[in-house]
Protein chains: 2
Amino acid sequence: MSTNHPLAEDLGFLLSRASGVVARSASASLAPLGLRVRSYSVLAFAGEDSAGVTQRRLAALMGLDPSQVVALVDDLESSGLVTRAPDPTDRRNKLIIATEKGHRIREEAQQRVDRAQSGHFDGVPQQHLEQLRSMLRRIAIPEEVPAGSGTESASGAQ
Amino acid sequence: MSTNHPLAEDLGFLLSRASGVVARSASASLAPLGLRVRSYSVLAFAGEDSAGVTQRRLAALMGLDPSQVVALVDDLESSGLVTRAPDPTDRRNKLIIATEKGHRIREEAQQRVDRAQSGHFDGVPQQHLEQLRSMLRRIAIPEEVPAGSGTESASGAQ
DNA sequence: TATTGTTATACTCTATAACTATA
DNA sequence: TATAGTTATAGAGTATAACAATA
């Protein structure tokens, strides 16, 4: 399409830069809780569903390889924020469930992240933010990640 | 502000996911040229200014530490895409200048990246893309990086 | 004394492949 | 045989600190 635009105007470039800026401030805001953006994401997803989430689903939600989820859960588990509960239905699955402490920390973590992010977004009108969100959602999740998790052989996850 | 929203709707999270998706496809499209997103960015900035760019300025433009720029320039230089020219005005500076071959490769690289990215953005109305761009620019470059490069002791660069 | 580029180092993130236990 | 979780490993990205040459 538009040929020969400067890189500083390129959407992919700006996306990457902006993402880095926001992630760094989120990371800094979480440090006092002993969390990083990654582990916070796992904790947040686990805390959203009282039935727990499988590691496979976490990987799909976060766009990671399942092998990367292991260490994240290990850390949270050893900090007592989540537990790995066996799934009675299918014993291959491990359901990641937030502990009571996990819920408390998650609450505070979310507030911290929100506070850190508001600095980046608060000048922008609400309507634009909603457009931004829907645009990013479309790009980030090409095929709307069905709740059934991973029948698609890790298609868009990589 | 809005308390207790699901993480999948969080702007920072979506930003990070979308950025990853776009970066991966850009990376894949550049692989046949022996470039990555990072080295392509250096090549693009160098090619935009026939007078060349200092490594310090590249670091500021890309949000990197100056030490990270060294290896990127090393690679491009050994591939014959850029040269390190001494700055007569200030011999501490090294001006990174695209070679003729560098300009050719840069041209093709840009086309490849544009093609890869159009898949992600082409459904979105032009007006929304422009809003997105200006929003990302604001977040990515907090204080509009003055052309004078780095008097601000690597403030926003980190 | 301050700044540009540089080297070195350590840590995080990303990407793959292979293994185990269950199904 | 296929899938969930796991281990291991190599490579890329990120973050700091210190140093030489130049200003």
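What you are looking at is a predicted structure, and each value in this text was computed from that prediction instead of being measured. Every chain is numbered from 1, with letters handed out A, B, ... down the list of sequences.
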ask   = What are the residues of residues 85-97 of chain A, sorted by number, that bring a heavy atom to within less than 4.0 Å of DNA chain C?
value = D90(A), R91(A), R92(A)
Distances for protein N/O vs nucleotides 7-12 of chain C N/O pairs under 3.5 angstrom?
residue: dT12(C); atom: OP1; partner: R36(A); partner atom: NH2; Å: 2.9

inquiry  = Other members of the hydrophobic cluster containing I97(A), with the 4.5 Å side-chain heavy-atom rule, please.
reply    = L95(A)
inquiry  = Show every side-chain hydrogen bond (donor to acceptor under 3.5 Å, both in side chains) that has at least one partner inside residues 93-104 of chain A, sequence neighbours left out.
reply    = D87(A)-N93(A)
message = Can you list everything that forms a side chain to side chain donor-acceptor pair (under 3.5 Å) with E108(B)? Sequence neighbours excluded, please.
response = R112(B)
Pairs satisfying ring-ring contact (aromatic ring centres under 6.0 Å, His included), at least one member in residues 43-86 of chain A, at least two apart = F45(A)-F13(B)
Short side-chain to backbone donor-acceptor contact, R17(B) and L61(A), under 3.5 Å = yes
In whole angstroms, how far is the [atom2] atom of [N] from the [atom1] atom of [X]?
X	N	atom1	atom2	result
E77(A)	dG5(D)	CD	P	13 Å
Q55(A)	dT22(C)	CD	C1'	15 Å
L58(A)	dA4(D)	CG	P	13 Å
R56(A)	dT22(C)	CZ	C1'	13 Å
M62(B)	dG13(D)	CE	C1'	11 Å

ask   = Is any side-chain heavy atom of D114(A) closer than 4.5 Å to a side-chain heavy atom of D10(B)?
value = yes
key: Within-4.5 Å side-chain heavy-atom neighbours: R106(A) and E48(A)   = yes
dA4(D) OP1/OP2 closer than 4.0 Å to side-chain N/O of R84(A) = no
request  = Check step by step if side chain to side chain contact (heavy atoms under 4.5 Å, CB included) holds for D122(A) and Q117(A).
outcome  = CA-CA 8 Å; D122(A) 60 3; Q117(A) 290 188 356; over 6 Å; no
Among dT6(D), dA15(D), dG5(C), the nucleotide that comes nearest once only the side chain of R24(A) is considered = dA15(D)
